[in-house]
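What you see is a predicted model, and the numbers here were worked out from it, not measured in a lab. Lettering follows sequence order; numbering is per chain, from 1.
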There are 2 protein chains.
Amino acid sequence: MSPTTNAESLRADSARVRARMLAAARDRMAAGGLDLSMNAVAKAAGVGVGTVYRHFPTRQALLESLAAQSLETLVATAVAAAREPDVGTGLAALLRAGLRIQLSDPALAEVLAAVDAVCAETLDLSRDLAAAIATLLDRARTEGAIRPDLTADDLRRLLCGLQHAVRIGATDDDADRYLDILLAGLRP
Amino acid sequence: MSPTTNAESLRADSARVRARMLAAARDRMAAGGLDLSMNAVAKAAGVGVGTVYRHFPTRQALLESLAAQSLETLVATAVAAAREPDVGTGLAALLRAGLRIQLSDPALAEVLAAVDAVCAETLDLSRDLAAAIATLLDRARTEGAIRPDLTADDLRRLLCGLQHAVRIGATDDDADRYLDILLAGLRP
DNA sequence: ACCTGAACACCGTTCAAGT
DNA sequence: ACCTGAACACCGTTCAAGT
């Protein structure tokens, strides 16, 4: 056995353990809610607590890792929306996607609302998201489709607020109407 | 000592203890945030944990007791808003007050967002609030000042969402703009 | 009657000890 | 190198024991 092989098998095993922990965390999240417990994740993944902490130094780090995939999808959607020929269509698509993805992934809702990320990957993705939104808003502003004072951070916060309004007990139909209300409110 | 005097002094003492616990809870809330701990409240009030539970059977009950005063104020504001000669002015006043009071009292924000109350008093006040909002919305609908499909529950949820959007890191100026955006979005 | 606080089963987090 | 799990200081909640 060369040391390389050994290291690689270690790495492969580590990756497998990491995946198992994330899966367990996702299960707990889907079942219970936002009360993600490190100890419970460890038990569910058949792993010591220390191993969870080795991969995710804090609860926030675990949350960000859970949300990474959704955040990536949201960034891609925002980039596509910014390229949409019709700005209004792009804006509507972005808001709708931003709401839907937050509702389907509570971890993303929390990460999107957090002031400061703890993982480098999350920071990068957040920057990309902000840039895409800013591009879309610039275009919309130029065409007079939105209030001139709207920033990318404003839109992010309003999107988080919309999510909260829906999660609090709204139906899917309600969610569509709230989306409509926000879109109407953004017009100049 | 007549038994009446004895019972009354017990009741008076109980009320004093209750007030001390609420004050301690309010302090903790103002300082730390939303992480209201029953044990910490007991210690800060110089009282056994059991005494806290005797007065507030659950954390939610304590939260509602904390929010009761703010909720009363909000109800009064809503009633006054419903009587405002100009519906638009009334609606704007209600939203502004609803946002401000939630920001100043995190307990109220949580109670307003909760699906079901646990204290009878909270239930009554919530019903009063819903009734006042419904009255205002009926008038606004008749005058064609708002979307016809808007319910009192919609407005409550949107108000909670607005609070969330602001708490997430917005400035006071941002809050005013978000308020404006919501008001604009509510128009038909 | 009312209050106390030890006790229970949890939580996030750390770290000596094992492989 | 990596993992384990007992240990620490907490949490919400209960309830026998005291006054």
Side-chain angles (χ1 to χ4, degrees), chain A residues 1-25 27-29 31-66 107 110-111 114 118-119, chain B residues 1-25 27-29 31-66 107 110-111 114 118-119:
Chain A
M1 286 258 177
S2 73
T4 307
T5 307
N6 199 350
E8 262 165 20
S9 82
L10 271 176
R11 239 175 289 151
D13 189 64
S14 187
R16 224 172 298 126
V17 165
R18 196 189 135 96
R20 218 165 63 221
M21 288 186 294
L22 281 175
D27 278 5
R28 295 245 120 211
M29 205 76 171
L34 301 88
D35 54 335
L36 191 58
S37 150
M38 300 296 256
N39 288 268
V41 167
K43 187 166 295 183
V47 126
V49 221
T51 305
V52 178
Y53 276 91
R54 160 165 284 278
H55 284 84
F56 312 103
T58 179
R59 207 183 145 272
Q60 172 70 14
L62 174 56
L63 221 55
E64 291 180 23
S65 295
L66 275 177
E110 224 167 302
V111 169
V118 88
C119 302
Chain B
M1 287 260 177
S2 74
T4 308
T5 308
N6 199 353
E8 263 165 19
S9 82
L10 272 175
R11 239 175 289 150
D13 189 64
S14 187
R16 224 173 298 126
V17 165
R18 196 190 135 96
R20 218 164 63 222
M21 288 186 295
L22 281 175
D27 277 6
R28 294 246 120 209
M29 206 78 173
L34 300 89
D35 54 334
L36 193 58
S37 150
M38 300 297 255
N39 288 268
V41 167
K43 187 166 295 185
V47 128
V49 221
T51 304
V52 178
Y53 276 91
R54 160 167 283 275
H55 284 84
F56 312 104
T58 177
R59 209 183 143 273
Q60 172 71 13
L62 175 55
L63 222 54
E64 291 180 23
S65 295
L66 275 177
E110 224 167 302
V111 169
V118 88
C119 302

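Taking only side-chain nitrogens and oxygens, A:Asn39 comes nearer than 4.0 Å to OP1 or OP2 of C:dG12. Between A:Ser37 and the phosphate of C:dC10, there is no side-chain N or O to OP1/OP2 separation shorter than 4.0 Å.
Taking a pair as Watson-Crick or G-U wobble with both distances under 3.5 Å, DNA chain C forms stems of 3 or more consecutive pairs at C:4-8 with D:12-16, C:12-16 with D:4-8.
Separating the P atom of D:dT14 from that of C:dA1 is a span of 22 Å, rounded to the nearest Å.
Listed by chain and residue number, B:Met21, B:Ala24, B:Val47 satisfy the side chain to side chain contact (heavy atoms under 4.5 Å, CB included) test with B:Ala45 (two or more places apart in sequence, or in another chain). With sequence neighbours excluded, the residues satisfying side chain to side chain contact (heavy atoms under 4.5 Å, CB included) with B:Ala40 are B:Arg28, B:Ser37. For B:Ala23, there are no side chain to side chain contact (heavy atoms under 4.5 Å, CB included) partners at least two apart in sequence or on another chain. In this structure B:Ala61 satisfies the side chain to side chain contact (heavy atoms under 4.5 Å, CB included) test together with B:Phe56, B:Pro57, B:Thr58, B:Val118, B:Cys119, sequence neighbours excluded.
Residue pairs meeting the side chain to side chain donor-acceptor pair (under 3.5 Å) criterion with at least one member in residues 40-55 of chain A, sequence neighbours excluded: A:Ser14-A:His55.
Protein atom CZ of B:Arg28 is 11 Å distant from nucleotide atom P of D:dC10, rounded to whole Å. Rounded to an integer number of Å, the gap from CE of A:Met38 to P of D:dA7 is 21 Å. Rounded to an integer number of Å, the gap from CG of B:Leu36 to P of D:dT13 is 11 Å. Remark: P of D:dT14 and CZ of B:Arg59 are 15 Å apart, rounded to the nearest angstrom. A straight line from CZ of A:Phe56 to C1' of C:dT13 spans 16 Å, rounded to a whole angstrom. Across the protein-nucleic acid pair, B:Leu62 atom CG and D:dC11 atom P stand 14 Å apart, rounded to whole Å. In this structure, the CZ atom of A:Arg18 is 21 Å from the P atom of D:dA1, given to the nearest Å. Computed from coordinates, the A:Arg54 CZ to D:dG5 C1' distance equals 15 Å when rounded to whole Å.
For the segment residues 41-53 of chain B, the set of residues with a heavy atom within less than 4.0 Å of an atom of DNA chain D comprises B:Val49, B:Gly50, B:Tyr53, in numerical order.
Counting all heavy atoms, side chain and backbone alike, A:Arg20 lies closest to A:Gly46 at NH2-O, 3.8 Å. Residues A:Arg59 and A:Leu36 share a closest heavy-atom pair of NE-O, 3.1 Å. Annotation for B:Ala107 and B:Met29: closest pair N-CE, 3.7 Å, computed over non-hydrogen atoms. Contact record, A:Leu22 with A:Leu66: O-CD2, 3.7 Å, taken as the closest heavy-atom pair.
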